[in-house]
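What follows is a short report on a single structure.
Every number for a ligand or one of its atoms is a count from 1 in the order of the listing.
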Amino acid sequence: MTQNWDVVIVGGGLAGYVAANYLTEANLSILVIEKGKVVGGRARTNKVKQQYLNLGPHALLKKGKATSILKELGISLSGKSPKLGGILVENNMEYVAPFSPLGLFTTRLLNNKERIEWIAALWKVMTIDPENLAEQTFQQWVIQISNSEKIKSLLYMLARLATYCHAPEMVSAKVTILNIKNAMAGVIYLDGGWQTIIDQLHNTAITSGIQLRTHTLVKEIHPAQQNQFKLILSNEEEIYAKYVICTTGPHELNDMLNKHVQYQQNSFFTEMIAVKGATLDVALTQLPNPRRLFAMNITDPFYYSVHSNYARLSDDGKSAVLHVFKYHHPNDCIDGTSSKNELEKFLDRLQPGWQKYVIKSRFIPTITVNQRLPQIGDEHMLLRSKTEILGLYIAGDWTSPNAILAEGAISSGKQAAEDILLKEEEENSANYKRRI
Ligand SMILES: Cc1cc2nc3c(=O)[nH]c(=O)nc-3n(C[C@H](O)[C@H](O)[C@H](O)COP(=O)(O)OP(=O)(O)OC[C@H]3O[C@@H](n4cnc5c(N)ncnc54)[C@H](O)[C@@H]3O)c2cc1C
């Protein structure tokens with residue numbers, strides 16, 4: 001295998017594969033290096049006993065940037081949108097969720113005054129320009145919107161649902177509102193899970209000549225000398241590249257660079273806080289209570305949704321695949337056993353006796369959902385896909401100032417590829433002019 005590449009992409013998740021797919025436009029030699037045995041990163045889906053389990057609940061924004069980029073790349077996305085509605089739990093009581101017009105007018109969660117306040121709050125979310133909220137935390141914005149503790153709790157819950165962030169006192173109001181607005185336009189659960197996106201991106205990349213090495217970790221990146229980066233791999237092998245796109249997390253990037261280069265973004269990357277949660281992914285032969293498809297706790301950070309009601313997530317299409325999730329606060333001292341008990345208790349309430357029907361149950365006590373909790377001022381530190389190091393680009397769910405989750409990963413993957421294509425075009429036209 002050649003040791004000199006035009007582009008080396010570190011990481012074979014959504015960001016890496018989207019970048020690779022866009023780079024196939026040019027005549028470049030491209031290598032994707034993935035430390036895992038399999039590709040996909042956090043968009044992987046495990047097939048266990050004919051059931052397709054995403055790593056926790058995954059919903060794709062119907063009208064987001066990610067969907068339009070994937071469509072542009074020819075990726076087919078099949079699946080359905082979950083209906084608005086479900087149950088909200090507060091102080092051990094269950095209420096109809098005030099998300100649909102019917103829910104709004106029938107729920108006993110809200111009195112008439114609160115009903116009007118909730119409509120006004122939703123209206124504000126829909127109509128406000130998020131650009132005006134760049135200097136506020138989400139909590140500061142919510143406090144201005146309402147005095148009612150119930151309305152505030154509902155807004156925090158909506159933010160958890162749309163962003164997975166459970167730290168309203170820290171998270172940027174601008175990014176939160178942007179994401180709530182996007183989520184309100186609808187999401188889809190994908191047939192076969194998110195692996196179907198990865199598989200399609202992978203197939204196009206491979207048939208276009210892109211090389212892939214799995215089970216290989218990039219240990220060090222030595223910035224460009226004579227227009228070449230040197231990368232040292234886990235087996236001590238050295239490879240060279242003109243451009244590097246790094247799609248790992250910010251801490252891994254610092255580790256790979258740290259010893260060899262000082263750059264200003266370094267401390268910002270070091271201090272970046274990840275958004276984390278615990279997930280209980282369950283496949284059942286049937287639901288004890290088939291009518292219960294979605295629920296959230298208003299004050300405690302719990303989520304439940306039956307994804308297989310809208311997406312085909314098993315070979316026979318008959319079983320029920322659901323996810324129960326706990327949103328972690330950055331200061332949480334995570335205790336796996338108690339998180340598991342809490343999630344199982346939440347599921348017991350919604351689907352009593354579910355244990356009798358288990359095909360597969362998998363608990364992950366802590367998983368990074370997004371590599372960056374978006375905070376005020378992040379946009380001054382993130383230079384889109386560019387870094388201060390010429391030729392080194394970053395992509396991933398933490399690298400776009402205003403986009404997070406798959407939106408951030410996919411749009412930054414495209415951005416990094418476009419930046420490299422532009423740089424190549426500029427170089428080629430400069431060389432051409434020199435020749436004539
Ligand atoms: C529980 C959960 C629920 C989620 N729900 C949603 C949702 O509903 N909607 C949504 O839009 N998004 C959701 N997400 C987020 C989404 O899955 C991620 O944002 C997206 O998959 C991140 O893609 P990425 O390419 O940026 O990173 P990753 O998928 O993490 O890919 C990075 C890759 O780099 C590899 N790597 C790291 N270091 C090295 C190294 N040194 N050398 C070689 N390889 C390396 C890793 O193994 C990994 O495969 C969820 C995530 C989780 C965990």
Side-chain angles (χ1 to χ4, degrees), residues 8-20 31-45 53-62 64-67 70 82 160-165 179 182-183 187-190 193-195 197-198 201-202 212-221 231-234 244-257 274-281 303 305 307 323-328 362-372 385 394-400 403-413 416:
V8 167
I9 300 174
V10 186
L14 281 177
Y17 269 112
V18 165
L31 173 67
V32 177
I33 302 183
E34 166 56 49
K35 72 174 178 186
K37 281 189 188 151
V38 289
V39 294
R42 283 167 285 149
R44 275 190 333 266
T45 306
L53 296 182
N54 284 325
L55 285 176
H58 271 77
L60 189 69
L61 293 178
K62 243 163 117 177
K65 280 189 249 177
T67 305
L70 292 172
R160 286 196 291 273
L161 180 63
T163 66
Y164 285 84
C165 300
N179 278 276
N182 285 338
V187 296
I188 45 174
Y189 297 160
L190 292 179
W194 279 36
Q195 187 74 40
I197 305 179
I198 293 290
L201 290 170
H202 171 83
L212 167 72
R213 284 178 75 170
T214 51
H215 218 188
T216 307
L217 177 119
V218 176
K219 276 201 330 192
E220 293 178 21
I221 301 176
L231 292 92
I232 303 182
L233 311 183
S234 39
V244 172
I245 301 180
C246 181
T247 73
T248 70
H251 304 291
E252 285 107 329
L253 172 61
N254 267 353
D255 288 345
M256 286 185 278
L257 282 173
V275 178
K276 296 186 179 185
T279 184
L280 178 65
D281 307 325
Y303 160 104
S305 180
H307 284 227
H323 298 276
V324 197
F325 189 81
K326 178 179 184 187
Y327 305 87
H328 288 320
R362 173 183 67 189
F363 172 68
I364 305 174
T366 174
I367 186 164
T368 295
V369 178
N370 201 73
Q371 299 269 14
R372 175 175 61 98
S385 74
I394 49 173
D397 57 14
W398 57 281
T399 59
S400 304
I404 54 171
L405 302 166
E407 290 289 288
I410 289 174
S411 57
S412 61

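- At least one side-chain heavy atom of T368 sits less than 4.5 Å from a side-chain heavy atom of R42.
- Partners of A416 under the side-chain contact (heavy atoms from CB on, under 4.5 Å) rule, at least two apart in sequence or in another chain, are I245, S385, Y393, A395.
- In this structure the side chain of L14 reaches within 4.5 angstrom of the side chain of I198, judged on heavy atoms.
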Let's go through V369 and F325 carefully: what are the C-alpha distance in whole Å and the side-chain angles of both, what is the deciding distance for side-chain contact (heavy atoms from CB on, under 4.5 Å) to 0.1 Å, and is it a yes or a no? CA-CA 11 Å; V369 178; F325 189 81; 3.8 Å; yes
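- Atoms CG and CG, from L405 and N182 in turn, are 10.5 Å apart once rounded to the nearest 0.5 Å.
- For the residue pair Y189 and A59, the shortest heavy atom distance occurs at CE2-CB, 3.7 Å.
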Please produce the table of protein N or O atoms sitting under 3.5 Å from N or O atoms belonging to ligand 1, one pair a line, distance to 0.1 Å.
{"unit_1": "ligand 1", "atom_1": "5 (N)", "unit_2": "P57", "atom_2": "O", "d": "2.9"}
{"unit_1": "ligand 1", "atom_1": "5 (N)", "unit_2": "Y164", "atom_2": "OH", "d": "3.0"}
{"unit_1": "ligand 1", "atom_1": "8 (O)", "unit_2": "A59", "atom_2": "N", "d": "2.8"}
{"unit_1": "ligand 1", "atom_1": "8 (O)", "unit_2": "A59", "atom_2": "O", "d": "3.3"}
{"unit_1": "ligand 1", "atom_1": "8 (O)", "unit_2": "Y164", "atom_2": "OH", "d": "3.2"}
{"unit_1": "ligand 1", "atom_1": "9 (N)", "unit_2": "A59", "atom_2": "O", "d": "2.9"}
{"unit_1": "ligand 1", "atom_1": "11 (O)", "unit_2": "A406", "atom_2": "N", "d": "3.0"}
{"unit_1": "ligand 1", "atom_1": "12 (N)", "unit_2": "A406", "atom_2": "N", "d": "3.4"}
{"unit_1": "ligand 1", "atom_1": "14 (N)", "unit_2": "H58", "atom_2": "NE2", "d": "3.4"}
{"unit_1": "ligand 1", "atom_1": "17 (O)", "unit_2": "H58", "atom_2": "NE2", "d": "2.9"}
{"unit_1": "ligand 1", "atom_1": "19 (O)", "unit_2": "D397", "atom_2": "OD2", "d": "2.8"}
{"unit_1": "ligand 1", "atom_1": "25 (O)", "unit_2": "L14", "atom_2": "N", "d": "3.2"}
{"unit_1": "ligand 1", "atom_1": "25 (O)", "unit_2": "A15", "atom_2": "N", "d": "2.9"}
{"unit_1": "ligand 1", "atom_1": "26 (O)", "unit_2": "D397", "atom_2": "N", "d": "3.2"}
{"unit_1": "ligand 1", "atom_1": "27 (O)", "unit_2": "R42", "atom_2": "NH2", "d": "3.1"}
{"unit_1": "ligand 1", "atom_1": "29 (O)", "unit_2": "R42", "atom_2": "N", "d": "2.8"}
{"unit_1": "ligand 1", "atom_1": "30 (O)", "unit_2": "R42", "atom_2": "NE", "d": "3.0"}
{"unit_1": "ligand 1", "atom_1": "30 (O)", "unit_2": "R42", "atom_2": "NH2", "d": "3.1"}
{"unit_1": "ligand 1", "atom_1": "41 (N)", "unit_2": "V218", "atom_2": "O", "d": "3.1"}
{"unit_1": "ligand 1", "atom_1": "42 (N)", "unit_2": "V218", "atom_2": "N", "d": "3.0"}
{"unit_1": "ligand 1", "atom_1": "44 (N)", "unit_2": "K35", "atom_2": "N", "d": "3.1"}
{"unit_1": "ligand 1", "atom_1": "47 (O)", "unit_2": "E34", "atom_2": "OE2", "d": "2.6"}
{"unit_1": "ligand 1", "atom_1": "49 (O)", "unit_2": "E34", "atom_2": "OE1", "d": "2.6"}
{"unit_1": "ligand 1", "atom_1": "49 (O)", "unit_2": "E34", "atom_2": "OE2", "d": "3.2"}

